[in-house]
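Everything on this sheet refers to the single structure shown next.
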Amino acid sequence: MAGIAVATGLRIALGGPSTAASMPAGVAFALALLALAAGAGWRLGRPSLAAAGIGVAGGLVLVAAWLTARTSAAVDLAPVNTAIAAWTPVVALIAVAEEVMLRGVLFNAMRNWGGDGWALAATTVLFAAMHVPLYGVGALPLDLAVGLLLGGLRIVSGSVLAPAIAHVLADIAGGWLL
């Protein structure tokens, strides 16, 4: 958990007042999380089609929830430009790194210590807390709900692949859909 706090602090320090929009800060954060995960012994497992399907379904639930919560019924694609095209792989990298560390390494450690319920609670709260510097305290309920769903996907699928896919889909939709 201390490593995650340091990685989050690094992101804040590099991003300054525009932490959420800073690509260098996001990449540094993702690489720090992946280095922590590798240092903790996490290795990429064999992907399963079932976990991928669960991840896609979870991602669609997140996107649908986001679309229905919008004040405007109109949905358009963002215009393709170099900024959004460059940001898309960075967003995907950050989402995967968060899932590898939270729903991979930390989830396994917490599960071994106190079971699925404890792992779900700990990773959900930490997920929400690490997003406060990006989106403010007002987004805490939403981040808790998203963290809970992502943790549930981890439990149901038995794999970090499902929450990683769902997280990537939701984050990319948030950037490309207006």
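Numbering of residues begins at 1 and proceeds along the displayed sequence.
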Less than 4.5 Å apart, side chain to side chain, heavy atoms only: is that true for [X] and [Y]?
X: Leu120; Y: Leu148; value: yes
X: Tyr135; Y: Leu142; value: no
X: Leu36; Y: Val6; value: no
X: Trp87; Y: Val90; value: yes
X: Phe107; Y: Asp116; value: yes

Task: Approximate separation, where rounding is to 0.5 Å, of Trp42 CH2 and Leu106 CG - done: 14.0 Å

Task: Distance (rounded to the nearest 0.5 Å) between Leu150 CG and Ile165 CD1 - done: 12.0 Å

Under a single-linkage definition using a 4.5 Å side-chain heavy-atom cutoff for Ile, Leu, Val, Met, Phe, Trp and Tyr, are [X] and [Y] assigned to the same hydrophobic cluster?
X: Val156; Y: Leu149; result: yes
X: Trp113; Y: Leu102; result: yes
X: Val168; Y: Met23; result: yes
X: Leu34; Y: Phe127; result: yes
X: Val125; Y: Ile155; result: no

Any donor-acceptor pair under 3.5 Å linking the side chain of [X] with the backbone of [Y]?
X: Arg103; Y: Arg154; result: no
X: Thr68; Y: Ala65; result: yes
X: Thr19; Y: Gly16; result: yes
X: Arg11; Y: Ser22; result: no

TODO: Might you work through the side chain to side chain contact (heavy atoms under 4.5 Å, CB included) test for Leu169 and Leu62, ending with a clear yes or no?
DONE: CA-CA 8 Å; Leu169 288 175; Leu62 289 172; over 6 Å; no

Can you see which heavy atom on [X] is nearest to which on [Y], and at what distance?
X: Gly114; Y: Trp118; result: O-CB, 3.6 Å
X: Met101; Y: Leu33; result: SD-O, 3.8 Å
X: Leu161; Y: Ser48; result: CD2-O, 3.7 Å
X: Ala51; Y: Ala162; result: O-CB, 3.3 Å
X: Gly58; Y: Leu153; result: CA-CD1, 3.9 Å
X: Val63; Y: Ala170; result: CG2-CA, 4.0 Å

Open item on the list: For Leu60, give me all partners under side chain to side chain contact (heavy atoms under 4.5 Å, CB included), at least two apart in sequence or on another chain.
Closed with: Val56

- [ ] Applying side chain to side chain contact (heavy atoms under 4.5 Å, CB included) between Phe29 and each of Leu93, Leu14, Ile94, report the one that passes.
- [x] Ile94

- [ ] Name the orientation class of the two ring planes belonging to His131 and His167 (parallel below 30°, tilted from 30 to 60°, perpendicular beyond 60°).
- [x] tilted

Task: Contacts of Asp143 that satisfy side-chain hydrogen bond (donor to acceptor under 3.5 Å, both in side chains) - sequence neighbours left out - done: none

